[in-house]
S.K.: 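Structure incoming, see below.
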Amino acid sequence: MLPNFGQRLAMDSKGISSRAVRPAKNPTADGRRDVDADFGRKEYRGVHEDGTTWTKVVKWFGYKLHLVVDATYELPVAWEVTKASVSDVTRAMPMLDHLHHATGCCCPVPSF
């Protein structure tokens with residue numbers, strides 16, 4: 001229904017904080033503690049108008065939402081929730097490969 005939907009994809013992630021503030025001392029999953037979360041870190045970099053560079057570091061304990069969207073229509077096409085320490089780079093190709101096989105899309109999976 002949307003012309004060229006899925007032709008231009010973009011990927012990014014978002015940190016999701018856990019209510020816990022640190023790893024559980026008791027790793028037994030009994031519903032009272034978060035045993036799957038871990039620490040994440042994301043760096044943002046840019047340049048001020050005066051030419052100086054800036055860096056912002058965000059740290060959290062929890063999870064990460066990896067999201068692939070259609071860049072034209074800004075609609076999600078694939079997503080995955082992982083531990084916070086999992087890199088976008090390690091999830092990009094498996095997510096695109098799964099999307100390619102799940103949809104039967106005729107467009108080739110990009111190779112990096």
Side-chain angles (χ1 to χ4, degrees):
M1 299 183 94
L2 300 173
N4 300 320
F5 181 76
Q7 294 296 310
R8 294 180 53 218
L9 301 177
M11 181 177 184
D12 200 4
S13 65
K14 170 72 175 158
I16 302 171
S17 295
S18 170
R19 291 194 179 260
V21 293
R22 59 178 161 64
K25 291 181 182 177
N26 179 357
T28 306
D30 62 1
R32 293 183 291 172
R33 59 191 66 83
D34 194 341
V35 297
D36 296 321
D38 68 357
F39 290 99
R41 173 188 165 124
K42 195 164 183 176
E43 291 188 17
Y44 300 91
R45 298 173 190 206
V47 179
H48 291 290
E49 290 181 11
D50 63 3
T52 59
T53 60
W54 59 268
T55 302
K56 178 181 177 182
V57 177
V58 178
K59 298 178 185 179
W60 74 98
F61 181 77
Y63 302 90
K64 189 183 283 186
L65 170 66
H66 303 273
L67 189 62
V68 177
V69 299
D70 178 279
T72 303
Y73 297 101
E74 298 179 3
L75 293 172
V77 294
W79 59 275
E80 181 178 52
V81 177
T82 63
K83 292 183 176 191
S85 62
V86 176
S87 167
D88 293 348
V89 174
T90 62
R91 297 310 314 145
M93 285 309 297
M95 287 179 70
L96 292 174
D97 189 45
H98 176 74
L99 182 63
H100 175 75
H101 288 91
T103 61
C105 176
C106 59
C107 27
V109 175
S111 57
F112 297 99

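Keep in mind that this is a model prediction, so the values were computed, not measured.
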S.K.: For L75, does its backbone N or O pair with a side-chain atom of D70 as donor and acceptor, under 3.5 Å?
M.R.: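 Side chain of D70 to backbone of L75, a donor-acceptor pair under 3.5 Å: no, none is there.
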S.K.: Using side chain to side chain donor-acceptor pair (under 3.5 Å) as the criterion, list what pairs up with S85, not counting sequence neighbours.
M.R.: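 Once residues adjacent in sequence are excluded, the partners of S85 under the side chain to side chain donor-acceptor pair (under 3.5 Å) criterion are D38.
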S.K.: Is the closest basic N to carboxylate O distance between D12 and K64 below 4.0 Å?
M.R.: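 No.
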S.K.: CG of L99 to CG of L9: how many Å apart, nearest 0.5 Å?
M.R.: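 The CG atom of L99 sits 6.5 Å away from the CG atom of L9.
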S.K.: The criterion is side chain to side chain donor-acceptor pair (under 3.5 Å); which residues satisfy it with D88, sequence neighbours excluded?
M.R.: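 Testing D88 for side chain to side chain donor-acceptor pair (under 3.5 Å), a comparison that skips the adjacent residues, returns S13, H66.
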S.K.: Nearest 0.5 Å, what's the CD-OH distance between Q7 and Y73?
M.R.: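 Answer rounded to 0.5 Å: 10.0 Å.
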S.K.: Quick check on the hydrophobic clustering: are V86 and V35 connected, directly or via other members, by side-chain heavy-atom contacts under 4.5 Å?
M.R.: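 V86 and V35: separate clusters.
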S.K.: Which residues satisfy the side chain to side chain donor-acceptor pair (under 3.5 Å) test with R45, sequence neighbours excluded?
M.R.: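 R45 satisfies side chain to side chain donor-acceptor pair (under 3.5 Å) with E43 once adjacent residues are dropped.
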S.K.: What distance separates M93 CE from H98 NE2, expressed to the nearest 0.5 Å?
M.R.: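 Rounded to the nearest 0.5 Å, the CE-NE2 separation comes out at 14.0 Å.
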S.K.: Can you name the side chain to side chain contact (heavy atoms under 4.5 Å, CB included) partners of L67, sequence neighbours left out?
M.R.: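 L67 satisfies side chain to side chain contact (heavy atoms under 4.5 Å, CB included) with V69, P76, W79 once adjacent residues are dropped.
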S.K.: Please check if V68 and L2 belong to a single hydrophobic cluster, counting links between Ile, Leu, Val, Met, Phe, Trp and Tyr side chain heavy atoms closer than 4.5 Å.
M.R.: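 Yes, same cluster.
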S.K.: Tell me, please, which residues at least two apart from N4 pass side chain to side chain donor-acceptor pair (under 3.5 Å).
M.R.: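 N4 satisfies side chain to side chain donor-acceptor pair (under 3.5 Å) with no other residue.
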S.K.: Run the side-chain donor-acceptor check on residues 51-61: report pairs under 3.5 Å with partners two or more places apart or on a different chain.
M.R.:
unit_1	atom_1	unit_2	atom_2	d
T52	OG1	D50	OD1	2.7
W60	NE1	Y63	O	2.9

